[in-house]
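Each ligand, and each atom within it, is numbered from 1 in the order the structure gives. Values below: every heavy atom of this structure, side chains too, minus hydrogens, waters and symmetry copies.
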Amino acid sequence: MEKAQEEKTLIIMKPDAIQRSLFGEILQRFERKGLKIIGVKMAKISDVLIEEHYSHLTEKPFFNTLKNYMQSSPVVLIALAGANAISATRLIVGPTKGYEADAGSIRGDYSLSGQSNLVHASDAPETAEVEIKRFFAEEELFDYQKPDYKLVYSEDHF
Ligand code: UDP
Ligand code: MG
């Protein structure tokens, strides 16, 4: 069987996740999946970084409210690693609009909004690489062994 690719992805716990005290609950879902935390920090996102991160949305009528929302409190930035981490994480997060997301996903369980949807997750290998670099300096990312990899993956996986 073909081995799934080891990938890295960026998660942002958005202001509503922090304000609604859902940070621990949400983080636990990624941890339980077996994903490895390789970077984590709290930050207030600057104007420049918001405009860069959501550059595909700057012309949209909702951009100003999106920016206000993303800057309404600190966020927590998390870099995760694992097999197929990008698509696996997007499945755990669910689609953009909380009111359309399946129960069992983070947005499906905790969000009723198309904007205040708790988490950002990178959507492709190219964006994941750029996004991790955008928010983390090299020395803030950690490469380490996790003994539970022996249980999470098959013996010959990596
Ligand atoms: N967003 C919004 N209104 C919309 C679409 C998106 O406020 O109609 C916000 C929402 O917070 C979303 C973020 O912009 O998570 C980024 O949009 P994208 O389409 O990249 O969705 P995502 O990748 O987060 O599912
Ligand atoms: Mg997106």
Identity and distance of the protein heavy atom lying nearest [atom]:
{"atom": "atom 8 (O) of ligand 1", "answer": "Phe62 CE2, 3.3 Å"}
{"atom": "atom 7 (O) of ligand 1", "answer": "Gln115 NE2, 2.8 Å"}
{"atom": "atom 17 (O) of ligand 1", "answer": "Leu57 CD1, 3.4 Å"}
{"atom": "atom 10 (C) of ligand 1", "answer": "Gly114 O, 3.4 Å"}

With a heavy-atom distance limit of 4.0 Å, tell me whether [X] approaches ligand 1 through its side chain, its backbone, both, or neither.
{"X": "Asn117", "result": "side chain"}
{"X": "His120", "result": "neither"}
{"X": "Val93", "result": "neither"}

Measure the distances from the heavy atoms of [X] to every atom of ligand 1 and state whether one is below 4.0 angstrom.
{"X": "Lys60", "value": "no"}
{"X": "Arg107", "value": "yes"}
{"X": "His56", "value": "yes"}
{"X": "Arg90", "value": "yes"}

ILVMFWY cluster, [X] and [Y] together (side-chain gap under 4.5 Å):
{"X": "Ile86", "Y": "Ile12", "value": "no"}
{"X": "Leu91", "Y": "Val119", "value": "no"}
{"X": "Ile11", "Y": "Met42", "value": "yes"}
{"X": "Tyr153", "Y": "Phe30", "value": "no"}

(message) Are the side chains of Asp47 and Gln71 in contact, using a 4.5 Å heavy-atom criterion?
(response) yes
(message) Taking the cut-offs as 6.0 angstrom to the six-membered ring centre and 45 degrees off its axis, would you call Lys60 and Tyr54 a cation-pi pair?
(response) no
(request) Show which atoms of ligand 1 fall inside a sub-4.0 Å distance from at least one heavy-atom site of Leu66. (result) 9 (C), 11 (O), 14 (O)
(request) Could you list the atoms of ligand 1 found under 4.0 angstrom from a heavy atom of Lys14? (result) 11 (O), 12 (C), 15 (O)
(message) If I apply the N/O under 3.5 Å rule, does Thr96 come out as touching ligand 1?
(response) yes
(message) Side chains of Asp16 and Tyr69: any donor to acceptor distance under 3.5 Å?
(response) yes
(message) Restricting to side-chain hydrogen bond (donor to acceptor under 3.5 Å, both in side chains), what partner residues turn up for Ser72, sequence neighbours left out?
(response) none
(message) ring-ring contact (aromatic ring centres under 6.0 Å, His included) for Tyr149 and His157? Distances and angles first, verdict last.
(response) CA-CA 9 Å; Tyr149 263 43; His157 192 99; 8.7 Å; no
